[in-house]
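Everything below concerns the one structure shown next.
The model shown is predicted, which means the values in this text are computed figures rather than measured ones. What's counted below: heavy atoms across the whole structure, side chains too, no hydrogens, waters or symmetry copies.
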Amino acid sequence: MSRFDTHTTEDEYCKKWEHSFEADPIVSEKFYLTVAYPYPSGAMHVGHGRTYIVPDVIARFWRMKGRQVLYPMAFHVTGTPVIGISRRISQGDEKTIRLYRDLYKVPEETLNRFVEPREIVRYFSQEYERVMRHCGLSIDWRRRFTTVDPQYSKFIEWQYIHLHEGNHVIRGAHPVKYCPQCDNPVGDHDLLEGDKADIIKFVLVMFSWGDYKLPCATLRPETTYGVTNLWVNPDITYVKVTVDGQKWILSREAADKIGLQDHDVVVEGDMSGEELIGVTVSHPFSGDVPVLPATFVDPDMATGIVMSVPAHAPFDYIALRDLQAQGLHAGIVPVPLITVEGYGEMPAKDAVERAGVQNQNDPAMDVLTQEVYNAEFSRGRMLPKYGGKPVREARDEVSAIMVERYGSAVMYDFDSRSVVCRCGSRVFVRILHDQWFLQYSDPEWKAQIHKQLDGITLVPPEVRAEFDRTIDWLKDWACTRRIGLGTKLPWDKEWLVEPLSDSTIYMAYYTIAHKLKQIDPARLTPDVFDYIFRGTGTPSSLPQEQLDDLRNEFLYWYPYDYRFSAKDLISNHLTFQLFHHAALFPENLQPEGMVIFGMGLLDGAKMSSSKGNVFLLEDALDEFGADTVRMFLVGSAEPWQDFDWRKEFVISTRKQIDRFYTTVSEGRVTEGTYPIDRWLISRLQKRIAATNEALASFQTRQALQEAYFGIEADLKWYRRRLPAEIRGSAALREISSTWIRLLAPFIPFTSETLWAEIGGSGDVAFAAFPEPDAQSIDEETELAEELLSRTVEDIESIMKLIQIEPTGITLFIAPSWKWDIFTTIAHSEDKKQVIRDIMKDEAMKTRGKAATDAAKQTTTLIHRFPPQLVSQLAGSMRDEMAVFQEAKEFLEREFAVPVTIVPAGESNHPKAAAALPFKPAIVIE
RNA sequence: GCGAGGGUUGCUGAGCCUGGCCAAAGGCGCCGGACUUAAGAUCCGGUCCCGCAGGGGUCCGUGGGUUCGAAUCCCACCCCUCGCACCA
């Protein structure tokens, strides 16, 4: 057979389609869909391919349905990733160079230019467009932009001016992970180690020792009442420092850390831990307590001085026990202050004894600490003399009092050691000042978004809970950065708008992007955007005519119909954009719907560029052809499900396209009409309806099941039912036109080629998508074929069992009184009572046992049939004799023996009595 | 830990909301056959177990429950995936 090779036609159509999908406002109804734009820092893999191909299938579908469809694309280049990549390349980092040179196949001379970060995004955005065109994406490329274009920056300025005015942007301090060498905050992806580390907030409980304060960092300030001593490590060096004018003693490491956290720190001198041992310190809550030695004290954990609460902290308990075992400090008695169910007076003691821990170096200590901590926090109560409140309440109260009245400060540190920047330097917690925040914590704003979400279509609907939860969970978002690419904050030029915060309403920008390109950015003043997006004011920097044109185009496309994105963006981008839309646009221009994608797997493992576990989209296109890649990516799973790129499935997809091509090509020359045509055409209408329905609800896989596999299965039965030696028919030819158009959104290259071959007019991309024709639906014929195919199946299964060489087949057709029974049972509500009712009938009574048997068998039969079939059958009695008479020749050909059709009532054959409605008795001899 | 989603027959993946159409679709793989000098491709048939008559048995993460009847509803448990923030 002829294999259809899409490669040869792909270039031709890509060229032809260069401007085909540029969409301008016209009178027709619009359909505007957008996808999260890519950050072009590397080559596309097949996962990216699906992200853009699924919307393309939807875009092509609605275009064929007569909508004016806008599918735009742009590039997000804001932020720091390319800066890091560029630096690593210029430093000659082998791993990065190998990734770009070998995996992404960047030419050597281009790679050399990557020392300039913008070159990276410039190169890859060109590549993205080239490969996207190769995929046949029906994008309006005139509107392409990047987020550092000067016009776009003007747009972001407008956005932030309004957010600021609307009190959605506020200023505050914020603890961040910070690299002193890079002099910049670092995100988790910038870390070599410790990307799971959390920032923990400690309260420093200030114990006095003469002029000095000894700050003890704690998560449990409420236990200060129970402090019996402090722990200091005798083997380490502490420092005396002045902190904001106050004299402190703490570990050297801690002094460095505190210096980054809003405190003025001057080191005065060293002091060994040894020197502190034995001194007496005091705090209003605990009174005078001694400082004792403990080697478990880590100078790099918070302040390096620990307050000891042996009744409630297993570490403290066991350290004290160890000392007392040596006969030291026998006078110290743990002070209980919290009661918790399941433990005695001293939970720490109970826990240690129950676990049989020997000494403070036992690894089980961490677990015990956590256990006691959790129990006391969730179920514990302070003793009456300490207020009697639940621990979780007391903790916050004591914490506040400590800070207000007892000189406590707050200190941040990580919950785990070794947090290391990619540059190799250690990372610390730093308090950033003057940081700008988007105030997502604002309850009013949240309430507004909850309400708005109710009106938004979500696909699949299960994600709604996650959106609602995200809205509740969002806290203020630091929306500015010191470094990276991006737009300067209009009222504070020291800051750049952070990448996730400058990409929330660009869907509105697309609507006029191509026109803004022609305009001098200096003229894009905030009042111009006010006019375009809000219809207010009288800007002078642009002619009125131009302003109206821009406003009209915006209003034509907006609001967008659907936004597509992967599910990991629910917790940030997709929710952010709702907040921003609500703050900036009127109610009638708010988002209408979102479609959430699943993730991509490669041979069952998660696809990930950083791990090198990717299949490049371009390689896939070269190896299998664009249509195969498209059909596989949208057909192997529904968009919201995870998909798995497996070569063997991709190959079989290519075979399916070949088969489609062959069938349609062969169908071009066939002639003649046959009775079974009616059935095929009728079935086709249902396939058309189902395909329309599936695509309208974004079920690309389901749509392909109907439009491809469904039709293929129908054709199989159809060919079987054609007269012997007949290979095709006029109906087959007619179906081709419909079938090509049904598949055009999925496999545009093949469809376009076939469309031209069968003489279709214009591009199939703009041809009418098939609509079901109710006139062509013939339920009678479909039922008759259903009866026939069920009977054929029965005959086949019997033949397989009996293993004899048959000489003839006899079919006994159920008599009309059995149909009466069938109808009665089908209509009855109470399946138990119905038999009695049937037997009341005089005519039935005379049939006696035959009638009750038939009723029982019919009941079973009805349970086995699909309910829809039952109601159809009950609606009108079939002329089964006629169906089988017509199909006699077919049956004889199928089974190669003579077939006799007999009304069951006219035969004495014992089997004849077994005939049931829609299930003739079969005798094979 | 918190939040969301999920566990189906060799694989993949429908079905579950709206309980009887379910031994459970489609695809892949595998087996057999046709075609062919042959391979590939293509086409046809089979693919839980038993049965020489269209039937029966067991099955949908585990254990209970509701019901005449459960893959589908309820409860508990086990396991998996994703998100948890200044990052695209």
Side-chain angles (χ1 to χ4, degrees), chain A residues 1 3 36-39 41 76-82 174 176-177 185-190 195-196 198 370 374 432 435 437-438 440 460-470 472-481 484 498-501 503 566-573 576 598-599 601 604 606 635-638 640-644 646 648-649 651-653 655-656 658-659 662 701-702 704-706 708-710 712-713 716 719-720 790-791 793-804 831-832 862-870 911 914 919-924:
Chain A
M1 67 159 266
R3 154 160 309 175
Y37 49 22
Y39 184 88
S41 65
H76 193 209
V77 304
T78 325
T80 53
V82 285
H174 186 58
V176 295
K177 292 177 185 171
V186 285
D188 283 347
H189 61 285
D190 293 323
D195 59 333
K196 294 254 160 46
D198 265 334
Q370 196 60 40
N374 286 345
L432 277 194
Q435 172 64 268
F437 291 91
L438 278 162
Y440 294 133
E462 292 85 56
V463 299
R464 186 170 298 276
E466 209 171 335
F467 271 102
D468 271 316
R469 205 204 113 264
T470 300
D472 289 332
W473 163 84
L474 274 178
K475 295 181 283 196
D476 292 346
W477 181 270
C479 64
T480 51
R481 285 301 104 84
E498 173 274 335
L500 282 185
S501 301
S503 57
K567 72 171 166 212
D568 50 351
L569 295 192
I570 293 176
S571 62
N572 48 57
H573 167 75
F576 290 2
M599 320 287 282
L601 305 175
K606 190 178 168 184
S636 61
E638 297 295 5
W640 49 88
Q641 296 171 322
D642 295 349
F643 78 97
D644 192 358
R646 295 205 174 181
E648 72 261 32
F649 290 3
I651 289 170
S652 75
T653 303
K655 288 180 195 165
Q656 284 150 4
D658 286 345
R659 209 147 64 213
T662 309
R701 175 191 160 85
Q702 183 59 34
L704 262 179
Q705 292 285 326
E706 292 290 343
Y708 179 77
F709 298 102
E712 204 188 33
K716 208 161 157 182
R719 291 210 186 86
R720 204 168 163 187
R790 278 169 182 267
T791 306
E793 268 175 41
D794 280 353
I795 295 172
E796 281 171 343
S797 81
I798 295 168
M799 298 249 271
K800 209 176 82 196
L801 274 175
I802 59 174
Q803 301 287 344
I804 59 165
K831 302 277 191 268
K832 285 171 187 159
I862 282 177
H863 273 156
R864 293 217 170 127
F865 283 166
Q868 204 210 339
L869 177 63
V870 172
K911 271 274 167 198
K919 196 168 179 67
I922 299 164
V923 172
I924 299 172

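- Residue A:Q656 is in sugar-phosphate contact alone, with no base atom involved, counting any heavy-atom pair closer than 4.0 Å across all strands shown.
- Contact annotation for A:L474: base contact, defined as any heavy-atom pair under 4.0 Å involving a base atom.
- If you check every strand for non-hydrogen atoms under 4.0 Å, A:V463 touches nothing.
- Nucleic acid contact for A:R701: base, since at least one base atom lies under 4.0 Å from a heavy atom of the residue.
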Which protein N or O atoms sit under 3.5 Å from an N or O of nucleotides 81-83 of chain B?
{"unit_1": "B:G83", "atom_1": "O2'", "unit_2": "A:S571", "atom_2": "OG", "d": "2.9"}

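- When heavy atoms are screened at a 4.0 angstrom cut-off, A:H174 is found touching base atoms of the nucleic acid.
- Contact annotation for A:A921: base contact, defined as any heavy-atom pair under 4.0 Å involving a base atom.
- B:C48 and B:U36 are spaced 32 Å apart, taking the P atom of each and rounding to whole Å.
- Under the salt bridge (charged side-chain N to carboxylate O under 4.0 Å, His left out) criterion, A:E793 pairs with no residue at all, not counting sequence neighbours.
- The separation of B:G19 from B:C68, taken at their C1' atoms, amounts to 12 Å, rounded to a whole angstrom.
- Contact annotation for A:I924: base contact, defined as any heavy-atom pair under 4.0 Å involving a base atom.
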Would A:W477 and A:E498 satisfy side chain to side chain donor-acceptor pair (under 3.5 Å), going step by step from the backbone distance to the final call?
-> CA-CA 10 Å; A:W477 181 270; A:E498 173 274 335; 3.1 Å; yes
